[in-house]
Amino acid sequence: MLKIGKLKMNYQENPIGVTQVPQFGWVLESDKRSVIQASYELQISADAEFKNVLFDSGEINSDESAHVFAEGFQIKSAEKYFVRAKVTDVDGECSGWSKTGYFVTALLSEEEWKAEFVSAETKENAGESKGTYVRSSFRVKGNVKAAYAFTTALGLYKFYINGTKVGTDELTPGWTSYLKHLTYQTYDITTMLKEGENGVGAMLGAGWYKGKMGFVGNRNNYGEQTAFLGQIHIAYEDGTTDTIVTDSTWKGSDAPVVFSEIYDGEIYDARLEIEGWSEAGFDANGCAEAGFKADGGTQAGYHAKRFWDVETVAFDKKVLEAQSFCKVTEVEPVTAKRIFQTPQGDTVIDFGQNMTGWIHVKVKGKAGDKVELNCFEVLDAKGNVYLDNLRGAKETLTYICKDDQETEYHPNFTFMGFQFAKIASYPGEAKIEDFTAYAVHSDMEQTGTFTCSNPDINQLQHNILWGLKGNFVDVPTDCPQRNERLGWTGDAQIFCRTASYLMNTYHFFAKWLKDVAADQTPEGGVPHVVPDILSGKTDGDWLLEQGSHSAAAWADVAVINPWTMYLTYGDKKILEDQYSSMKAWIGFMEEHAKDYIWNYKLQFGDWVALDAQEGSYFGATPNDLTCTAYFAYSTGLFVKIAKILGNCEDEKKYTALYEKIVDKFQRTFFDSEGIMTAQTQTAHIVALYFNLVPEAYREKTVEGLLRLLEKENGHLVTGFVGTPYFCHALSQNGHTKEAYELLLKDDFPSWLYQVKMGATTVWEHWDGMKPDGTMWSPDMNSFNHYAYGAIGEWLYRVAAGIEADEERSGYKFTTIYPRIGGGLDYVKANYKSVYGDVTSEWNVDGDEVTMKVCIPPNTQAKICLDQAVEVLDGDGLEFGSENGFMSGCAGSGCYHIRFRK
């Protein structure tokens with residue numbers, strides 16, 4: 001049995017809003033082993049029945065099943081195309097046609113935009129963060145064949161047709177470097193339209209665009225008024241078309257969102273709701289002003305609030321880009337676990353999970369009654385509400401009732417980082433069923449699962465996953481709760497490989513990397529945060545006024561993250577898209593290096609390492625060393641990328657540069673005896689992991705790292721630079737035992753210390769909360785900070801042993817080499833690759849190990865048996881001895897292997 005299980009386009013199913021013919025791929029299913037595709041046929045049709053086939057590849061002799069292109073096929077704007085494929089394997093078995101998929105195009109050129117941005121605000125509203133409505137109506141003249149809406153905003157928006165919200169997206173259009181790159185969304189609204197008059201509108205909020213952002217506290221970072229852009233294309237059954245656009249004829253009004261900002265939360269006054277505002281038949285010209293009685297009730301006519309003419313807002317439409325996937329949405333509910341009284345007498349809801357999102361509140365009161373919830377992460381040592389680590393962020397949800405009917409509310413244009421919520425106000429008795437939290441983050445398929453026999457490691461894995469969920473809200477943020485929530489490039493860089501095991505991050509990072517490129521300085525420097533709202537706005541900040549861009553490990557995201565996407569998805573396109581950005585960053589380092597030692601202005605170094613001087617955030621490893629190590633590492637990766645893309649001149653040029661950097665590093669940071677000049681854990685880690693150690697000194701360098709580890713009684717004292725690679729540096733150099741011992745430490749400082757302290761996400765500091773419940777510090781102490789969760793990569797790559805291959809990337813070829821150890825009885829891991837599920841499981845019983853390995857069709861693998869001395873059952877595979885393990889090659893299928901170690 002051979003069939004196509006999933007048909008994908010750009011690594012997703014059924015994209016809506018593409019502007020180029022997508023890459024096609026499929027996941028094969030078969031009950032046979034060693035299945036290899038011999039050929040495929042791809043068809044694209046104008047109809048689901050394939051009566052009007054627009055493209056037929058014919059039978060193509062190829063084993064490509066993840067990156068297939070419809071060469072020569074031309075698409076049109078605002079069209080739906082249907083796709084199917086079939087394959088034949090090398091044994092001649094044919095799959096038959098796949099289930100039909102589809103993709104919908106957006107607007108293919110800037111010239112097709114006829115709409116204008118419209119705003120209910122003026123520049124006089126620059127200091128406000130209120131919500132507004134914009135609305136209009138239009139007529140549908142006959143039977144609609146298809147209708148698509150293309151929408152975006154300066155600010156955040158919710159789009160409505162005939163009184164119904166369009167789509168399930170939240171916080172659209174997200175956060176980009178708006179003036180250089182703004183995404184728009186595409187919606188299929190065919191079934192939402194009716195013949196005759198239709199109402200259309202949007203509610204707008206300040207969001208990242210004009211609200212207060214950054215710990216410096218600036219607002220209006222991109223503009224002074226919110227605005228909405230919308231264009232609807234209608235195709236009728238008779239072949240005629242209509243286009244509906246936002247323009248100066250639209251009307252605007254204040255919305256019931258009285259206040260909404262990313263940090264401080266939202267105030268929603270339901271008494272200001274305007275009934276029917278986005279429906280057909282609404283008379284925006286005949287509205288009266290709302291009014292309130294002294295007792296909090298409303299005067300007659302409060303449903304009809306005054307509308308006025310909108311302003312059109314000039315904006316460069318060249319920067320608009322369609323977004324087809326990975327929009328923010330409500331992903332999963334988290335029920336309240338308890339409502340309790342603190343020692344100070346506050347009533348608090350506990351959701352049992354630190355998370356990012358908002359709370360759905362059910363309430364029944366009378367007009368003017370108020371609900372107020374103050375969200376926060378942790379309780380203090382005495383069990384009371386702890387708000388200090390939020391710094392200036394208020395994280396408050398406020399809802400004012402309009403009448404005595406039960407209603408449910410959640411915020412529109414903000415999000416909170418929280419596990420707890422203080423009930424500051426609530427009409428009547430607060431019951432646990434009245435409060436449900438929702439995790440809100442970018443919509444990504446979970447691709448990785450990992451469990452083992454150690455419940456603390458399982459909790460750590462849970463914490464890493466929820467750290468990702470909490471900080472992948474359109475951009476990879478550092479934290480979701482305090483007045484920061486910025487796209488710190490260093491955090492994203494060190495966590496990228498872990499994230500890409502856990503979730504399908506392709507579209508998430510591809511979108512964000514465009515902003516990395518857009519925000520680079522003219523000479524190639526990469527900002528500390530992307531989107532960059534700090535450059536030129538850091539006056540008064542003791543740290544960032546020293547420099548707002550180009551820190552080693554942070555700026556190297558420009559090279560390392562595209563490379564990780566290539567490893568994970570086998571995708572050359574992202575390398576092509578980011579090539580100029582990568583090259584510019586290498587050039588920046590080369591320009592500012594002195595005799596190949598790279599350093600520049602503000603460097604974070606081994607940030608918040610525990611070997612820092614008292615009162616300092618900067619670790620003890622010299623910046624010259626960490627900077628030059630990353631200079632070498634990124635340049636070495638760029639050489640590989642240039643080779644993959646066939647850029648021979650660049651490959652030659654940057655190979656020479658790489659060799660000079662490595663030579664300088666070795667001559668500078670090793671003495672004549674082969675001892676590293678910097679006696680820190682991190683210095684040894686990066687030298688080993690980045691392969692910068694002279695081969696003659698490798699053993700001595702490993703011994704030096706072990707000595708420094710023993711000096712700390714087996715504990716790490718590393719920060720952002722050293723921590724992600726620590727276990728790798730050990731296990732790659734024959735010390736898997738010590739890597740496991742480091743992982744399994746459960747006293748401070750360690751990954752499992754946080755677990756033992758009850759953490760449900762990863763913390764910013766090793767001791768964010770001390771054993772007595774007191775806090776590290778109020779000024780920089782997030783309890784949802786994914787960076788140190790980069791250990792998750794080691795769990796998948798080493799403990800489970802699922803490793804991608806550079807030559808045959810995207811798991812076309814996989815090395816399965818789980819390292820047995822840590823006192824674990826078993827490990828079970830699965831990764832959903834672009835070809836299908838890769839499974840690695842092992843179980844230890846005395847000196848006997850049982851493995852289950854599954855390899856997806858159309859791929860191959862090398863299976864390594866750690867510490868094996870005898871294969872008891874190879875399940876049809878042949879194994880040979882190597883240095884410390886046995887190995888064999890396998891085609892697709894599931895294998896159950898037993899060996900003795």
Side-chain angles (χ1 to χ4, degrees), residues 12 15-19 106 117 149-159 165-187 202-211 213-214 221-223 226-230 260-263 315 317 319-331 356-358 411-417 438-444 468-478 480 484-489 492 499 503-519 529-533:
Q12 303 277 5
I16 296 179
V18 301
T19 53
F117 281 92
F150 310 100
T151 55
T152 190
L154 308 179
L156 300 177
Y157 77 96
K158 290 188 172 184
F159 178 47
K165 181 179 179 293
V166 179
T168 59
D169 311 328
E170 301 285 355
L171 303 176
T172 45
W175 189 10
T176 56
S177 303
Y178 294 110
L179 304 184
K180 306 170 187 174
H181 174 219
L182 174 62
T183 63
Y184 68 91
Q185 290 66 51
T186 301
Y187 298 105
M203 182 165 66
L204 296 157
W208 294 282
Y209 182 80
K210 62 167 283 192
M213 287 300 301
N221 284 287
Y222 302 98
T226 58
F228 175 68
L229 178 75
S260 191
E261 284 195 358
I262 299 297
Y263 298 152
F315 190 84
K317 297 188 184 71
V319 307
L320 293 175
E321 180 189 49
Q323 180 185 21
S324 58
F325 280 117
C326 210
K327 290 168 276 189
V328 175
T329 189
E330 286 189 337
V331 178
T356 300
W358 47 56
N412 294 276
F413 302 125
T414 187
F415 60 90
M416 290 84 168
Y438 275 77
V440 175
H441 58 79
S442 294
D443 189 12
M444 300 168 287
L468 181 155
K469 292 177 181 179
N471 286 287
F472 276 39
V473 181
D474 204 61
V475 300
T477 56
D478 56 328
E484 193 163 351
R485 313 187 201 186
L486 304 178
W488 283 97
T489 50
M503 296 277 195
N504 182 345
T505 62
Y506 179 83
H507 288 278
F508 180 84
F509 278 121
K511 167 186 167 291
W512 183 69
L513 284 167
K514 290 179 181 178
D515 291 303
V516 170
D519 279 345
V529 300
V530 173
D532 180 18
I533 59 168

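What you see below is based on every heavy atom in this structure, not just the backbone, and it leaves out hydrogens, waters and symmetry mates.
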Distance col, row Asp474:CG vs Leu171:CG, nearest 0.5 angstrom, shows 8.0 Å
Just jot down the ring pair (Phe, Tyr, Trp, His ring centres under 6.0 Å) partners of Phe472, sequence neighbours excluded, or say none. Phe508, Phe509, Tyr786
Could you tell me how the ring of Phe415 sits relative to the ring of Trp208: parallel (under 30°), tilted (30 to 60°) or perpendicular (over 60°)? tilted
For Tyr187, check ring pair (Phe, Tyr, Trp, His ring centres under 6.0 Å) against everything at least two apart and list the hits. none
With sequence neighbours left out, the residues meeting side-chain contact (heavy atoms from CB on, under 4.5 Å) with Ala227 are Phe117, Ser119, Leu154, Val313
Can we say Glu321 and Lys511 salt-bridge, meaning some charged N sits less than 4.0 Å from an Asp/Glu carboxylate O? no
So Asp519 and Ser177, side-chain hydrogen bond (donor to acceptor under 3.5 Å, both in side chains) or not? Walk me through it. CA-CA 7 Å; Asp519 279 345; Ser177 303; 2.6 Å; yes
Which atom names give the shortest non-hydrogen contact between Thr356 and Pro480, and what distance separates them? OG1-CB, 3.0 Å
Got a donor-acceptor contact below 3.5 angstrom from the Thr477 side chain to the Arg485 backbone? no
Option from Asp478, Val530, Asp532 for which side chain to side chain contact (heavy atoms under 4.5 Å, CB included) with Thr489 holds: Val530
With sequence neighbours excluded, tell me which residues meet ring pair (Phe, Tyr, Trp, His ring centres under 6.0 Å) with Trp512. none
Side chains of Tyr184 and Thr151: any donor to acceptor distance under 3.5 Å? no
What residues, two or more places apart in sequence or in another chain, satisfy side-chain hydrogen bond (donor to acceptor under 3.5 Å, both in side chains) together with Thr329? none
Show the nearest heavy-atom pair for residues Val319 and Leu179, with the distance to one decimal. CG1-O, 3.5 Å
Could you check Tyr438 against Glu170 for side-chain hydrogen bond (donor to acceptor under 3.5 Å, both in side chains), going step by step and ending with a plain yes or no? CA-CA 12 Å; Tyr438 275 77; Glu170 301 285 355; over 6 Å; no
Across all chains, not counting sequence neighbours, the side-chain hydrogen bond (donor to acceptor under 3.5 Å, both in side chains) partners of His507 are none
Lys158 versus Phe413: any side-chain heavy-atom pair under 4.5 Å? yes
